[in-house]
Amino acid sequence: LNQLTAEVARMGGLAEAQVADAVDSVARRDIALARAVVERDARLDAMHRDIERKAIRLIALRQPVASDLRRTLAAMKLAVDLERTGDLAKNIAKRGLILAEGEPMQPLTRSIERMGKLVSMRLRDVLDAYAAAEIDRAIAVWNTDDEVDEHYNALFRELLTYMMGDPRTITAGTHLLFMAKNLERIGDHATNIAENVWFLVHGDQPLPPRDKRDDTSTT
């Protein structure tokens, strides 16, 4: 169990680095860094498969109960969220490669960078909460998911304004819209991890459904 928890923590560190590097590659138009993010995603996939295999083997051979079973299930759930986080970071980096071929859009990439830093901070905090089994820290991340949604809503409107004002920005703006949505989804995975920290400690899920504030579908 300790080994399984440690491997999830290592996977979390890699996923966190993937998100930070993907955003940096966009902000700095760094093609080499973006390609490195894309290539490193395979390692996250392999870690996910390894954690899942070890967890299933532990359940089959050791038949853990109570808190031991919760630790095992939490590790499997976190590995799924972290693997998806890595996929989203890879998608951001791939779109960054395309943007690097065109004219710079500094005001908009700075907005992506700000949102990326906020999401990275949420992910780091919730992974630290998992490692230390700190409920208060995990709930703090869960309670502030609306900040990520608000950043996404503002960036969505900003990008639409640019694209309507200058049709030449439509291609780049569309890629940036997808990047912003990927960051918003990473924020959702961070809140999923926070819920699993609660489950790990308490063994239940008393938290109410999150009040999502993504209003872009009605804008």
Side-chain angles (χ1 to χ4, degrees), residues 6-51 78-128 130-131 141 145 147-149 151-152 154-156 158-159 162-163 166 168-193:
E7 290 187 13
V8 172
R10 283 194 293 272
M11 186 179 180
L14 179 57
E16 183 184 335
Q18 286 285 86
V19 174
D21 286 349
V23 173
D24 283 347
S25 73
V26 174
R28 304 203 311 257
R29 299 168 62 85
D30 189 331
I31 292 175
L33 182 59
R35 287 175 176 165
V37 171
V38 174
E39 292 171 0
R40 291 200 307 251
D41 182 64
R43 185 181 171 196
L44 269 177
D45 293 342
M47 294 177 79
H48 171 222
R49 290 192 296 269
D50 191 48
I51 289 170
L78 262 71
V80 172
D81 281 311
L82 293 172
E83 190 274 334
R84 287 297 301 133
T85 294
D87 286 344
L88 294 165
K90 180 181 70 173
N91 290 341
I92 292 171
K94 289 170 68 175
R95 293 184 185 279
L97 289 171
I98 297 172
L99 287 183
E101 298 174 355
E103 292 295 321
M105 297 181 66
Q106 292 299 329
L108 297 179
T109 52
R110 279 197 294 268
S111 297
I112 289 287
E113 186 178 13
R114 284 194 298 271
M115 185 176 177
K117 288 181 177 178
L118 174 64
V119 170
S120 293
M121 183 176 65
R122 294 288 184 274
L123 185 60
R124 182 178 64 251
D125 285 347
V126 80
L127 289 172
D128 288 346
Y130 166 72
V141 172
D145 181 59
E147 292 183 25
V148 176
D149 290 340
H151 269 72
Y152 174 61
L155 185 51
F156 182 89
E158 184 180 6
L159 286 164
Y162 266 87
M163 289 188 286
D166 185 355
R168 293 173 299 178
T169 66
I170 289 177
T171 298
T174 301
H175 285 296
L176 289 167
L177 277 173
F178 277 108
M179 288 180 185
K181 185 60 181 177
N182 287 337
L183 288 171
E184 190 268 338
R185 289 294 298 130
I186 292 171
D188 286 344
H189 285 294
T191 55
N192 288 345
I193 294 172

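Worth saying up front: this structure is predicted, and the values here are computed from it rather than measured.
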What's the separation between atom [atom1] in [X] and atom [atom2] in [Y], rounded to the nearest 0.5 Å?
X      : Y      : atom1 : atom2 : result
Leu88  : Arg185 : CG    : CZ    : 7.0 Å
Arg35  : Ser25  : CZ    : OG    : 11.5 Å
His151 : Glu158 : NE2   : CD    : 11.0 Å
Glu83  : Asp45  : CD    : CG    : 5.0 Å
Ile186 : Leu118 : CD1   : CG    : 11.5 Å
Ile193 : Asp81  : CD1   : CG    : 5.0 Å

Between [X] and [Y], what is the shortest heavy-atom contact and its length?
X      : Y      : value
Ala190 : Val126 : O-CG2, 3.5 Å
Ala180 : Ile112 : N-CD1, 3.9 Å
Arg95  : His175 : NH1-ND1, 2.9 Å
Asp50  : Glu7   : OD2-OE1, 3.4 Å
Leu44  : Gly86  : CD1-CA, 3.5 Å
Val148 : Leu183 : CG1-O, 4.4 Å

Practice item. Tell me, with the steps shown, if Asp125 and Arg122 meet salt bridge (Lys or Arg N to Asp or Glu O under 4.0 Å). Key: CA-CA 5 Å; Asp125 285 347; Arg122 294 288 184 274; 5.1 Å; no
In the structure I gave you, are the side-chain heavy atoms of [X] and [Y] within less than 4.5 Å of one another anywhere?
X      : Y      : value
Asp30  : Asp24  : no
Thr109 : Arg29  : no
Met179 : Met115 : no
Tyr130 : Val8   : yes

Practice item. Verify side chain to side chain contact (heavy atoms under 4.5 Å, CB included) between Leu176 and Leu155, making sure each step is shown before the conclusion. Key: CA-CA 9 Å; Leu176 289 167; Leu155 185 51; over 6 Å; no
Practice item. Name all residues meeting the salt bridge (charged side-chain N to carboxylate O under 4.0 Å, His left out) criterion together with Glu39; count only those two or more places apart in sequence or in a different chain, and write none if there are none. Key: none
Point to revise | Test log, rule side chain to side chain contact (heavy atoms under 4.5 Å, CB included), inputs Met163 and Thr174 | key: CA-CA 9 Å; Met163 289 188 286; Thr174 301; 4.1 Å; yes
Can I get a per-line list of side-chain donor-acceptor pairs under 3.5 Å for residues 13-22, giving both atom names and the distance, sequence neighbours left out?
{"unit_1": "Gln18", "atom_1": "OE1", "unit_2": "Arg40", "atom_2": "NE", "d": "2.8"}
{"unit_1": "Gln18", "atom_1": "OE1", "unit_2": "Arg40", "atom_2": "NH2", "d": "2.8"}
{"unit_1": "Gln18", "atom_1": "NE2", "unit_2": "Val37", "atom_2": "O", "d": "2.9"}
{"unit_1": "Asp21", "atom_1": "OD2", "unit_2": "Arg40", "atom_2": "NH2", "d": "2.7"}

Review point. Is a donor on one side and an acceptor on the other found under 3.5 Å between the side chain of Thr169 and the backbone of Tyr162?
Key: yes
Check your understanding: Can a salt bridge be assigned to the pair Glu113 and Arg110 using a cut-off of 4.0 Å between side-chain N and carboxylate O?
Key -> no
